[in-house]
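Below: one structure, written as structure tokens.
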2 protein chains.
Amino acid sequence: MTHEGLDLAQRLHQAGLRMTPQRQIVLDSLCAAGPHATAEEIFQRVREAAPSVDRATVYRTLSTLEEIAIVDVTRVHGKLVYEISGERPHHHLVCRRCGKMIELTHEPFSHLYHSLQEMTGFQILDRHLSLTGLCPACQGA
Amino acid sequence: MTHEGLDLAQRLHQAGLRMTPQRQIVLDSLCAAGPHATAEEIFQRVREAAPSVDRATVYRTLSTLEEIAIVDVTRVHGKLVYEISGERPHHHLVCRRCGKMIELTHEPFSHLYHSLQEMTGFQILDRHLSLTGLCPACQGA
DNA sequence: ATTACTGCAAAGGATTTGCATGTGA
DNA sequence: TCACATGCAAATCCTTTGCAGTAAT
């Protein structure tokens, strides 16, 4: 499960931080939860594994992990969702009506990123965008 | 100021809603506030015009206007910002470090929207996206 | 020993809701 | 008239913070 355990522990260490049991559990829960878990969902998983871990610890850990770029944060439906940032960037389409969500590779976005970079000089860093609209089934309604 | 007044009143009416003085004031404040006003900023403007209007009314009005597509909501810096949705779509680039924000036309996005529509069948409705990255000045740092 | 990390409890900000009253069509 | 809107106050949701105790290096 935590084949990246050592790796992540090292990255924490490089940042002057410590690998604690709580952080390990949060990381495990983050992996187990998949790519769009809210803080609350992660907290529930953490609680299953270790009921004594406090919600505040989960929030603090997520925030810490974000700062050192181990996790990505995005907003979907107005809520913050977290995921391990290791893999290649990907994005989502969410249906405004039924909530259906589909995953997208980065490919269709890379052209946009490049043109924006050329046009503006900005280096675009978003690795996990969430666009909204109507899914095919909901376009009739 | 409210050259669109009648128009908007009609759209409210078509949705079975009423044009009230409060809603008119919120709409005026929305216009006056420009394209990236938070609910709180709008409330402050409303309060200047009519101190008796409650914060809850502003929130309810913004939500109502969003539902009937008179206003657009977006998240910038984690905060919800509102704007009249009348004009053509536009987007923003925000610097993660210094907060600098530049405006973008929809053009570079339309290609992406089209490919996504072809690939997925989703009709993408976002008229006001906010991408983040590093502005030229902050890329060195 | 030092410094970071944790749990607990409490605070905080933003947004929503219940309810009685007011008001536009 | 009468369903919709409003003001007020309280509630709720999500997240952060202060502090004293605990643990890692």
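Owing to the predicted nature of the structure, the values given are computational and were not obtained by experimental measurement. Heavy atoms only: backbone and side chains are in, while hydrogens, waters and symmetry mates are out. Labels below follow one simple rule: chain letters A, B, ... track the order of the sequence lines, proteins then strands, and each chain is numbered from 1.
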### Query
Heavy atoms under 4.0 Å, any strand shown: does B:Arg23 hit a base, just sugar-phosphate, or nothing?
sugar-phosphate
### Task
Kindly state each residue pair satisfying side-chain hydrogen bond (donor to acceptor under 3.5 Å, both in side chains) with at least one member in residues 30-42 of chain B, sequence neighbours excluded.
B:His36-B:His92, B:Glu40-B:Gln44, B:Glu40-B:Arg55
### Query
Where the side chain of A:Tyr59 is defined as all heavy atoms beyond and including C-beta, which of D:dA24, D:dC14, D:dT17 is the nearest nucleotide?
D:dC14
### Query
So what does A:Ser63 hit on the nucleic acid, given a heavy-atom distance under 4.0 Å: a base, only sugar-phosphate, or nothing?
nothing
### Query
Out of B:Arg127, B:His128, B:Glu83, which residue meets the side chain to side chain donor-acceptor pair (under 3.5 Å) rule with B:Thr74?
B:His128
### Query
What nucleic acid atoms does A:Thr38 come within less than 4.0 Å of, heavy atoms only: base, sugar-phosphate, or nothing?
nothing
### Task
Select from B:Arg55 and B:His13 the residue whose nearest nucleotide in DNA chain C is closer to the 5' end of that strand.
B:Arg55
### For atom CG of B:Leu12 and atom C1' of D:dA5, their distance in whole Å
12 Å
### Message
Going 5' to 3' along DNA chain C, between which two nucleotides do contacts with chain A fall, using a heavy-atom cut-off of 4.0 Å?
### Response
C:dT3 to C:dC8
### Message
With nearest nucleotide decided by heavy atoms, which residue, B:Leu17 or B:Tyr82, maps closer to the 5′ end of DNA chain C?
### Response
B:Tyr82
Identify all side-chain donor-acceptor contacts of residues 104-113 of chain A below 3.5 Å with residues at least two apart in sequence or on another chain.
unit_1: A:Thr105; atom_1: OG1; unit_2: A:Glu107; atom_2: N; d: 3.4
unit_1: A:His106; atom_1: ND1; unit_2: A:His91; atom_2: NE2; d: 2.8
unit_1: A:Ser110; atom_1: OG; unit_2: A:Glu107; atom_2: O; d: 2.8
unit_1: A:Tyr113; atom_1: OH; unit_2: A:Asp126; atom_2: O; d: 2.7

## Note on the structure
To the nearest angstrom, the CD-P distance between A:Gln44 and D:dC13 comes to 13 Å
### Task
Quickly work out the A:Asp54 CG to D:dG18 P distance and round it to whole Å.
16 Å
## Note on the structure
Closest non-hydrogen contact found for A:Phe122 with B:Cys135 is CZ-CB, 3.5 Å
### Task
For residues A:Thr57 and A:Gln22, report the shortest heavy-atom separation together with the two atoms involved.
CG2-CB, 4.0 Å
### Message
I need the CZ-C1' distance between A:Arg60 and D:dT17, as an integer number of Å.
### Response
8 Å
### Task
Starting at atom CD of B:Gln22, determine the distance to atom C1' of D:dT6, rounded to an integer number of angstrom.
6 Å
